Structures are given as structure tokens and as C-alpha cells.
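Working notes for the structure below.
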Amino acid sequence: MARLVAKNGPLKGETIPLDGTEIILGRRPDCTIVVDEGEVSRRHARITHRDGKYYLEDLGSANHTYIDSVPLVPHDSRPLKHGTEFKLSTICFQFLDEDSAAAASGDPNPFFVDDSPESVTSTISSKFGMQSLSESGWAASSPAVTLEAILEISRALGGALRLDSVLPQVLNSLFRIFPQADRGFIALLDESGRLIPRWSETRRQEMEGFRVSLTIARQAMERKEAILSGDAMTDSRFDMSQSIANYRIRSMMCAPLLDSSREPMGILQVDTVDQRKIFRTADLEVLAAIATQASNAIDNANMHERAIEQEKVQRDLAVAREVQKSFLPHQRPEIEGFEFFDFYEPANHVGGDYFDYIRLPDNRLVVVVADVVGHGVAAALLMAKLSAEFRYCMATYADPGEAITELNRRLADIPGGRFVTLVMAMFRQDSHEVQVVNAGHMPPLVRLADGEVEEIACDETFYPLGILDDSQYRVITTQLKPGELMLLFTDGVYEASDADENILGFPAMQESVRRSDGAPEQTITDLVALARRHAVQQDDDMCLVAVRRHA
């Protein structure tokens with residue numbers, strides 16, 4: 001990701017990601033990057049991203065915008081390259097974009113040199129195991145240096161939750177602790193395991209941008225050891241970097257950054273070019289201790305960011321749950337001679353089960369229950385589409401079979417191999433006739449007046465919706481007699497599993513319906529209680545609708 005590093009001014013040390021297509025820099029509070037400095041204009045400059053590149057434009061500022069000490073012509077944009085420094089008057093920023101630099105050079109990681117292990121081993125003069133540090137606390141180096149390290153780093157990292165503003169302070173503190181250091185940097189592993197420099201600081205401007213040993217970094221992380229290279233002047237790996245031809249590294253220290261599970265997540269390194277002020281073993285112990293402090297801060301910040309992201313996800317899911325509930329009926333039908341009851345509970349925040357009551361002309365009422373394969377957000381989105389399409393088809397086609405045939409055609413382009421099982425029953429109040437269409441769903445149950453339970457089975461098997469776009473669906477006609485109850489449901493009840501993964505089963509569900517008194521509410525309440533007693537946890541959405549004709 002491209003970013004700016006503030007080199008001086010009110011934002012000094014901060015790293016600012018460039019994650020928008022337009023970034024305004026200036027003194028006004030509504031600017032993307034607020035630079036609260038009198039010499040900076042209210043809207044001083046703009047950075048835009050187009051065609052894969054970033055461009056800097058002066059917005060007619062009073063004190064000009066400079067690249068390489070050359071003022072920009074107002075409203076004339078100039079491209080930014082990795083490492084470019086620019087100034088808003090005297091306030092300096094550096095533009096960094098390793099990805100674009102890598103693409104331009106063909107090098108997947110231009111900061112690090114992937115050198116050979118043989119060229120490194122001979123220069124290592126001391127090692128310090130991070131495990132011993134974690135067990136014994138701070139290393140026993142110079143008391144004065146150790147105390148200074150504790151105060152500086154603890155102050156910088158105490159309660160740190162934003163690494164981009166805090167960890168640069170670690171590097172500034174390191175320069176005070178190690179006056180011989182010419183450069184320091186922190187690099188972290190990305191999701192693909194690539195080591196990416198995140199923060200850097202140099203005493204000498206001409207040292208900026210040169211590359212360092214990837215082998216040293218890998219060895220520090222793999223062995224979980226802080227490494228001191230006593231004299232890197234003889235290390236051939238630096239021959240690959242022309243920019244440091246006159247600045248050979250004489251001494252370096254590299255310490256791994258480990259997470260709470262003691263797994264590597266990056267490195268902390270400092271180095272020097274002064275052969276008279278090389279690092280010592282005591283310095284390495286202090287750096288190892290500082291790396292432990294920094295590791296804790298990075299780990300805490302990562303957990304904090306994950307917690308914030310998870311909280312955002314939870315808020316979004318709560319909103320999604322409310323939106324999904326809006327697709328479901330808000331009240332049950334009130335029709336003389338009939339009684340209704342329903343139950344809906346998704347396994348997660350949102351689910352893929354669906355039910356509805358739809359009133360049609362000529363005293364007709366449609367009851368539908370459907371199950372989108374899977375559950376969660378993807379199933380809920382498809383459920384929303386199903387709801388709209390089903391209502392349209394029922395309002396358009398008088399014959400229920402034709403309506404479901406058209407619904408299947410409209411769902412034939414469901415992505416990801418998903419499909420929907422559905423069963424619907426159209427009740428006619430005048431004749432008490434019920435027309436049932438089943439699309440690959442479990443057949444409805446009918447509890448007769450004498451307590452026996454029957455299925456409304458199809459004469460032939462019909463495919464679920466969304467599998468074959470030319471499937472034809474036909475109607476099964478029956479009657480709901482006085483005292484009889486019809487139950488439409490999804491598989492969340494009878495597939496409830498116990499600790500040994502034994503499902504409740506369809507026969508147990510039928511037996512519960514048979515033992516009920518035939519009242520819709522009590523029948524469904526008993527079934528839900530049965531499933532909850534049997535299951536360790538709810539793994540699937542549950543949806544049931546019961547309709548009884550009064551005796």
C-alpha cells in the first residue's frame with residue numbers, strides 16, 4: 001500500500017496510508033491529511049490516484065509545493081515515485097510505494113536483498129535467544145542503558161493501539177539509546193509471508209532507500225534469535241545496492257518480533273557505518289529486550305484492530321438481521337375458520353430459511369416455506385431475492401404450478417452452485433381446497449382429526465429451484481378437513497444433532513406432531529423444544545408454519 005511518512009512538522013514520524021482516489025493536504029479540518037501549520041495553505045495540495053500511479057498537484061498555495069526543491073506549477077500534477085520527497089512550504093513528506101517500485105524493477109521486494117546464507121554466516125559475531133529473554137525478563141546489560149531503554153520504549157509503547165503513530169517513536173528512541181546507529185527500521189510479515197518494511201529512520205539522508213540482507217532477517221525469525229553482525233563491510237550481499245557504494249555497513253543488530261504464540265511476525269534492525277562505534281553484545285541484549293516490548297505492542301494493536309473489525313462485522317450483521325426480518329411476515333393472517341402459527345430462528349445472525357403469507361384475489365391465501373442451501377450472509381442475500389421473485393410470480397400467474405416454473409427460471413442463474421428447496425400451499429377459503437407445489441422440499445405433514453399423521457407426497461420427484469432452468473412444476477390438490485392441521489417446515493428441526501452427531505430424525509418429528517393436541521402454536525412449540533433438547537447447538541436455521549382448519 002502506498003503511504004506518506006511525515007519527516008518534520010506537526011505530523012513528524014507518522015505514517016499515513018493513501019487509501020483513497022483523492023487526498024487533500026492542507027490546514028482546513030476537512031482535509032484528508034490535516035497539516036496544522038501556519039505556512040501551509042488551507043487547501044495546499046492534492047494527491048490523486050489514476051492509471052495505477054499517484055500524482056501530486058499544487059492547489060494554488062501561497063507558499064508553494066516543492067518536489068526536489070523545485071516548485072510545482074499551480075494545478076499542474078507531477079507523478080510520485082517510491083522514495084520521492086515533497087514539501088508543503090517547508091513541511092516535508094516522503095512518498096513510499098514498495099509495490100509500484102517492485103513492479104517497475106521486476107524485484108518482488110526491493111527493500112531486501114535475497115543473498116546467500118554463506119555470505120552472511122561469517123559476519124555474525126553474537127546471538128541472543130529471545131526465549132531466554134521471555135523467561136528471565138530484561139537482559140543484564142549496562143544498567144544505565146537498560147534503564148534508559150525501559151523508560152524510552154515503555155513510554156512510547158504504553159497502551160499503544162495505533163502502530164503507525166507509536167512505532168516510529170521506537171526508532172527515535174533507539175537513536176537516543178544507540179548514538180552510533182545510522183539507520184533503524186521495523187519490517188512486518190504480510191498475509192502472504194512476505195517481509196515488508198513498515199517504519200524506517202536514518203540519520204544520513206544519503207543512506208535512505210538502500211537495501212539490506214533478507215538472509216539475516218530470515219535467520220533471526222526462524223531461529224528466534226537476535227543477531228549481531230560485527231563487521232558487515234566484508235559481506236558481499238551489499239554489492240547489489242549501488243546507492244550504498246560509499247556507505248558500507250560496519251555493524252548491525254537484528255532482532256525478531258514474536259507474537260503471543262512465539263511465532264515470528266517481523267524484525268527490528270539497527271545498523272551503523274562508523275567502524276569506530278560498532279555494536280557490542282550488551283547492545284544486542286538491550287535491542288532484544290526492546291524487540292520484546294515492541295512485539296507486545298504490535299500484538300496488542302493487531303488484536304485491537306481485529307476486535308474493532310469484529311465489532312464492525314457484528315454491527316453490520318445486526319443490521320442485516322433486521323433487514324432480513326423485514327422480508328418476513330409481521331403478523332399472521334386472520335381468516336375465519338383457520339388458525340395460523342409460525343416460528344423462525346436462523347442459526348447465525350442471518351439465515352437462508354424463508355416463509356411468507358401472501359393474500360391473493362378470490363379469497364386465496366398462499367403459505368410458503370423455503371430453504372436456501374447453506375446459511376449465513378450468502379444464503380440470506382439469496383433469500384431476499386427469492387422473496388421478491390416469489391411474490392412477483394404468484395401475483396402474475398393464476399396457476400401455482402406455472403408460478404413456480406417461472407420462479408425456477410428466474411433463479412436458474414444462482415451463482416456458486418446454490419439452489420433452493422421450496423414448498424407452497426394455496427388455500428381457498430370457499431372450498432377449503434389446498435393446492436400444493438413442491439420443489440425438492442420435504443413434504444408437508446397433515447395431522448388428521450384422529451391424531452394420525454400423513455405426508456402430502458408428490459407423485460413424482462421435482463428438482464429444487466435453480467438446478468434446471470426448464471423444470472416444470474405441477475400442482476397436487478387436496479383438502480384440509482375440519483380439525484386437521486398442515487405443517488410446512490425446513491430441515492433445521494429433524495436434522496438437529498446430539499454430541500455423537502446423531503440427528504433427531506423425521507420419525508421423531510412425526511411422533512411429536514401425532515402426540516400434540518393439533519393446536520398450531522403448541523405443535524410448533526413442542527417441536528422446537530424437542531430439537532433443542534436433542535441438539536448440542538443449533539447448526540441450521542429452523543422455520544415452521546402450521547395451519548389448522550377449525551372443527
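What you see is a predicted model; the values in this text were computed from it and never measured.
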* To do: Please test Met221 against Leu189 for side-chain contact (heavy atoms from CB on, under 4.5 Å), starting from the C-alpha separation and ending with a verdict.
  => CA-CA 10 Å; Met221 291 188 293; Leu189 293 171; 4.2 Å; yes
* Asked: Is the backbone N or O of Ile24 less than 3.5 Å from a side-chain atom of Thr32, with the two atoms forming a donor-acceptor pair by type?
  -> yes
* Asked: Where the side chain of Ser387 meets the backbone of Ala384, is there a donor-acceptor pair that is under 3.5 Å apart?
  -> no
* **Residues Thr90 and Glu39: side-chain donor-acceptor under 3.5 angstrom** => yes
* **Exercise: do Asp353 and Thr490 side chains pair donor with acceptor under 3.5 Å** => yes
* Any donor and acceptor pair, going by atom type alone, linking the side chain of Asp498 with main-chain N or O of Asn502 inside 3.5 Å? -> yes
* Partner of Leu174 by side chain to side chain contact (heavy atoms under 4.5 Å, CB included), out of Val286, Val270, Ile186 -> Val270
* Looking only at atom types and distance, does a side-chain atom of His44 sit under 3.5 Å from a main-chain N or O of His64, one as donor and one as acceptor? -> yes
* Structure fact -> Rounded to the nearest 0.5 Å, the CG atom of Leu25 sits from the CG atom of Leu59 at a distance of 9.0 Å
* **Arg532 with Glu345: basic N within carboxylate O range, under 4.0 Å** => yes
* Criterion side-chain contact (heavy atoms from CB on, under 4.5 Å) on Phe86 and Gln94, from CA distance to verdict -> CA-CA 6 Å; Phe86 65 88; Gln94 184 179 33; over 6 Å; no
* Mind running side chain to side chain donor-acceptor pair (under 3.5 Å) on Asp58 and Thr65 for me, showing each step along the way? => CA-CA 6 Å; Asp58 182 85; Thr65 301; 2.5 Å; yes
* **Test log, rule ring pair (Phe, Tyr, Trp, His ring centres under 6.0 Å), inputs Phe95 and Tyr54** => CA-CA 9 Å; Phe95 173 77; Tyr54 284 87; 5.5 Å; yes
* **Criterion side-chain contact (heavy atoms from CB on, under 4.5 Å) on Met265 and Ile298, from CA distance to verdict** => CA-CA 9 Å; Met265 56 183 176; Ile298 293 173; 3.8 Å; yes
* Exceeds 12 heavy-atom contacts within 6.0 angstrom, atom CZ of Arg78 -> no
